[in-house]
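Have a look at the structure below before the remarks.
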Amino acid sequence: MYMSTDEIRRAFLTFFESKGHQIVESSSLVPANDPTLLFTNAGMNQFKDTFLGLEKRNYSRATTAQRCVRAGGKHNDLENVGFTARHHTFFEMLGNFSFGDYFKEEAIQYGWEFLTGVLKLPKERLLVTVYQTDDEAFDIWHKVIGLPEDRIIRIGDKTGGKAYESDNFWQMGDTGPCGPCTEIFYDHGDHIWGGPPGSPEEDGDRFIEIWNIVFMQFNRQADGQMDSLPKPSVDTGMGIERLAAIMQNVHSNYEIDIFQTLIKEAAAVIGYDDLSNQSLRVVADHIRSCAFLIVDGVMPSNEGRGYVLRRIIRRAVRHGNKLGASGAFFHKLVGPLAEVMGSAGETLKLQQAMVEKVLKIEEENFGRTLDRGMSILNEAIDALDGKVLDGETVFKLYDTYGFPADLTNDVARERGFSIDEEGFNNAMEAQRQRAREAGQFGIDYNDSVKVDAETEFCGYDGTQGEGQVVALFRDGEAVDSVVAGDKALIILDHTPFYAESGGQCGDTGLLLADGVIFSVEDTQKFGDAIGHQGILSEGALAVGDRLTAQVDAKRRAAISLNHSATHLLHAALRQELGEHVTQKGSLVKPDGLRFDFSHLESVKPEQLRKIERIVNEQIRLNHVIETHVMDIEAAKSKGAMALFGEKYDDEVRVLSMGDFSTELCGGIHARQTGDIGLFKIVSEGGIAAGIRRIEAVTGEGAIAALHAQDSLLAETASLVKSDSASVAIKVNALVAHSKQLEKEIQQLKDKLAAQESADLINQVQEINGTKVLIAKLDGADNKALRGMVDELKNKLGSGVVVLGNVSDGKVGLIAGVTKDVITKVKAGDLVNMVAQQVGGKGGGRPDMAQAGGTDAGALPAALDSVSPWLTERL
């Protein structure tokens, strides 16, 4: 029975909905508030806090079609993509989840019913695995499902490994929830090489895993101890691409409908006819991860997630260029992708124009350096004696030409070479952090404070309330009481204190009782509980005590004004710059606000003035700020915008400011826009490719900012002996005069350099028939060195020039090689050799290269080493 990928997706969600599961939308590829992950890489990621007991939902069964990316950090499939049948940077994981509801028997029955009942897969082609000691799962498969024992394979721990290190024992990390799993495999037929799981031929492609049910029943501690979870849960994952291959009677994922469409579209935009080429598969895969990462707020950059995205884009562009692509082509695949993804492509359709623009800009930027980088890489490979490209060259290509190491590795592998990864990593030094940002993504899940209690927030209408202490923590450990001087975390059953969320910082204030004063320094969320962090100044506190909670009202008021202003700013940005503008982060504090948003270029000064004018106009209109609680679907139909990185329940708060702004927001706000008083933008700038940041102040802070500007203008006018009205004219005149003086000074320096170069020509020597000039200068202008070398090369006609200069205690080095000599000596290699002896490093073109150093005392000896070095090569 043929089914399209979209039909499989719909059938899966519908089936589990019929079994009482809540359909939950795919979460962002950027995990919300999760420092342990670079990207969302599994369907269970968005439910992690639910499995950990830190978050409670109003359903105990869920089903999803989750977008996933594995292209960086621990889960990195990038190098295999396009060269195997089932590796992808982007894939969809269909999942069903039980949070303490059903367990092994129901989970196994659901999986079997869907595969054999709904999809009609032949039972004789299915076999399963279980963890070696999981007799319960074995019996369910055999006695309940009726599977013969010889098609139920027990998988034990890996040879020489620790306990529970098995393909059939899943764990969230080194610590945390874990448990045995059972997997369902499909037999593609004996015409394909490979054996069943657990056999010596298990790495073949005949038996393919299509379903994985994880039984979360333990919590692994740092010492390896396995504690039983109070509510065993189920996490099921099924890669839709693998199932689509079966339902469409093909073997490779790249033969399914989605990839065949994208491969054909890629071939058309590139102008290439052979649809079997692996490079087309790379392009088809990469457009999916790149487009959806951008939709979820990731922009190309030189660090973290943005760097991973940039690597993927550049890998796709290079593979397109290998096939003869001319000009930008990659962005043209966004439209076809949105269409072929069906129901999973709706969000992409809404942002198609923005995604295309981001990709086109990145593609064009890379195109400017690709040819030069490829030329240097080809030269380096041609000059190799062995089969390994040195790490310094790999690093240089990355650092100078934007070639990620895996891109260099791709090219080298195609030519039959490998790269020196260790040498590259050493050369990267601090910059290596860009390539392995995911190395920071790891914590002990048991280190986090786990709070079972719930807190009712009662602070929307006031800053004072009463609450009972339901939990106390000191140094992360639950305690029954604390005494004066203790730093503690207090959980109340009711509180007016707002916990940091949605960009709004947490409240501060006091918790009071007779003889008790607890100073709240911050307020944070812990699952469904609100935690008051601070120090007990007086008295003693115990679980069960009642406290009066007093929020710092003045601070809260300033925060609320700034928070309301961010909503007005968001709407004004979209009105002035376009509907592509979406919030990418914010910080609301008492002394100002910070607002990050998607936009591909700097905001022009006149646009900033207009945005500021629009916000202040809405402030003067004095809209009543209204909030209504409604279900999420009603909020969406009302046009409410969701804020970046926020999780929303089925019931949400919708905040409206007239007809100008409607957003989902759980934060604290002013009562009317007029309360904001005045809005003033302080700065605007880029924080990543495609992400801009505006900082602004309101109310008294805005007035203070204007006063500061007035004072600065008056001080500047005094310095240039002018009045405020004429200060610009006077400053322009001084700048013009300064530029003229700088020009004259440079002309004098050039004359001195020319004279010095004329004197240096007398120091020319010959090494093996080649003219060589090696000289040390003192106090020369480093900017003039390049001109000196050009002039000396012209005078030599043929030869090598090496100059070392000491100025202000720093060493400047430059080497020049005439074109007829660069086959023997390259300026970059020469100058780097000298630089390493004076505490520096450097490089450049084969005919001209510069470097710096810090050890001026070592320069004479370093220059003395040039002649022997050249003698070996000339």
May I have all residue pairs that pass side-chain hydrogen bond (donor to acceptor under 3.5 Å, both in side chains) and include part of residues 602-615, sequence neighbours excluded? Glu576-Lys610
Please list all pairs passing the side-chain hydrogen bond (donor to acceptor under 3.5 Å, both in side chains) test where one or both residues lie in residues 695-709, with sequence neighbours left out. Asn562-Thr698
Tell me, please, which residues at least two apart from [X] pass ring pair (Phe, Tyr, Trp, His ring centres under 6.0 Å).
{"X": "Tyr460", "result": "Phe457"}
{"X": "His580", "result": "His599"}
{"X": "Phe679", "result": "none"}
{"X": "Phe660", "result": "none"}

Output, in order, the C-alpha distance, side-chain angles, deciding distance and verdict of side chain to side chain contact (heavy atoms under 4.5 Å, CB included) for Asn616 and Leu678. CA-CA 6 Å; Asn616 281 304; Leu678 180 65; 3.7 Å; yes
Any donor-acceptor pair under 3.5 Å linking the side chain of [X] with the backbone of [Y]?
{"X": "Ser560", "Y": "Ile668", "answer": "no"}
{"X": "Thr40", "Y": "Ser28", "answer": "yes"}
{"X": "Thr566", "Y": "His563", "answer": "yes"}
{"X": "Arg574", "Y": "Thr582", "answer": "no"}
{"X": "Thr673", "Y": "His623", "answer": "yes"}
{"X": "Asp486", "Y": "Val483", "answer": "yes"}
{"X": "Thr627", "Y": "Arg653", "answer": "no"}
{"X": "Asp296", "Y": "Leu29", "answer": "yes"}
{"X": "Gln504", "Y": "His669", "answer": "no"}
{"X": "Thr64", "Y": "Val24", "answer": "no"}

When rounded to the nearest 0.5 angstrom, what is the spacing between [atom1] in [X] and [atom2] in [Y]?
{"X": "Ile687", "Y": "Arg693", "atom1": "CD1", "atom2": "CZ", "value": "4.0 Å"}
{"X": "Leu706", "Y": "Ser711", "atom1": "CG", "atom2": "OG", "value": "11.0 Å"}
{"X": "Cys68", "Y": "Asn45", "atom1": "SG", "atom2": "CG", "value": "7.0 Å"}
{"X": "Ile694", "Y": "His570", "atom1": "CD1", "atom2": "NE2", "value": "11.0 Å"}
{"X": "Thr495", "Y": "Glu466", "atom1": "OG1", "atom2": "CD", "value": "10.5 Å"}
{"X": "Ile491", "Y": "Ile530", "atom1": "CD1", "atom2": "CD1", "value": "9.0 Å"}

Measuring only between side-chain heavy atoms, which start at C-beta, is [X] closer than 4.5 Å to [Y]?
{"X": "Met299", "Y": "Val358", "result": "yes"}
{"X": "Val588", "Y": "Cys505", "result": "no"}
{"X": "Ile676", "Y": "Leu568", "result": "yes"}
{"X": "Leu593", "Y": "Leu569", "result": "yes"}
{"X": "Val469", "Y": "Phe518", "result": "no"}
{"X": "Asp522", "Y": "Thr508", "result": "no"}
{"X": "Tyr498", "Y": "Ile559", "result": "no"}
{"X": "Leu309", "Y": "Arg305", "result": "no"}

Holding to side-chain contact (heavy atoms from CB on, under 4.5 Å), I want the full list of residues that pass it with Ser481, two or more places apart in sequence or in another chain. Ala542
Just jot down the side-chain contact (heavy atoms from CB on, under 4.5 Å) partners of Val731, sequence neighbours excluded, or say none. Thr716, Val720, Val727, Val735
Decide side chain to side chain contact (heavy atoms under 4.5 Å, CB included) for Thr347 and Arg67; before the verdict, give the C-alpha distance in whole Å, the side-chain angles of both, and the deciding distance to 0.1 Å. CA-CA 12 Å; Thr347 54; Arg67 301 190 298 271; 4.3 Å; yes
Salt-bridge contact Lys56-Asp528 (side-chain N to carboxylate O under 4.0 Å): no
Results of side chain to side chain donor-acceptor pair (under 3.5 Å) for [X] - residues two or more places apart only:
{"X": "Ser26", "result": "Gln66"}
{"X": "Asp723", "result": "Ser726"}
{"X": "Glu715", "result": "none"}

Could you check whether the rings of His532 and Phe497 sit parallel, tilted or perpendicular, using 30° and 60° as the cut-offs? perpendicular
Please name the pair of heavy atoms, one in Leu664 and one in Ala635, separated by the smallest distance, quoted to 0.1 Å. CD2-CB, 3.5 Å
For [X], I'd like to know if atom [atom1] has over 12 heavy atoms of other residues, nucleotides or ligands within 6.0 Å.
{"X": "Asp227", "atom1": "CG", "result": "yes"}
{"X": "Leu712", "atom1": "CG", "result": "yes"}
{"X": "Asp480", "atom1": "CG", "result": "no"}

Keeping to residues at least two apart or across chains, list the salt bridge (charged side-chain N to carboxylate O under 4.0 Å, His left out) pairs with something in residues 545-570. Asp507-Arg556
Under the criterion side chain to side chain contact (heavy atoms under 4.5 Å, CB included), which of [options] is the partner of [X]?
{"X": "Lys680", "options": "Val615, Val697, Ile703", "value": "Val697"}
{"X": "Leu541", "options": "Leu511, Val479, Ile490", "value": "Ile490"}
{"X": "Val308", "options": "Leu38, Val298, Leu293", "value": "Leu38"}

Determine whether His494 and Glu456 satisfy the following criterion, side chain to side chain contact (heavy atoms under 4.5 Å, CB included), listing intermediate values before the conclusion. CA-CA 5 Å; His494 294 79; Glu456 181 179 337; 3.2 Å; yes
For Lys231 and Phe99, run side chain to side chain contact (heavy atoms under 4.5 Å, CB included): C-alpha distance rounded to whole Å, both residues' side-chain angles, the deciding distance at 0.1 Å, then the answer. CA-CA 7 Å; Lys231 292 184 178 181; Phe99 312 117; over 6 Å; no
Run the numbers on Glu500 and Gln524 for side-chain hydrogen bond (donor to acceptor under 3.5 Å, both in side chains), then give the verdict. CA-CA 5 Å; Glu500 180 178 334; Gln524 294 287 330; 2.7 Å; yes
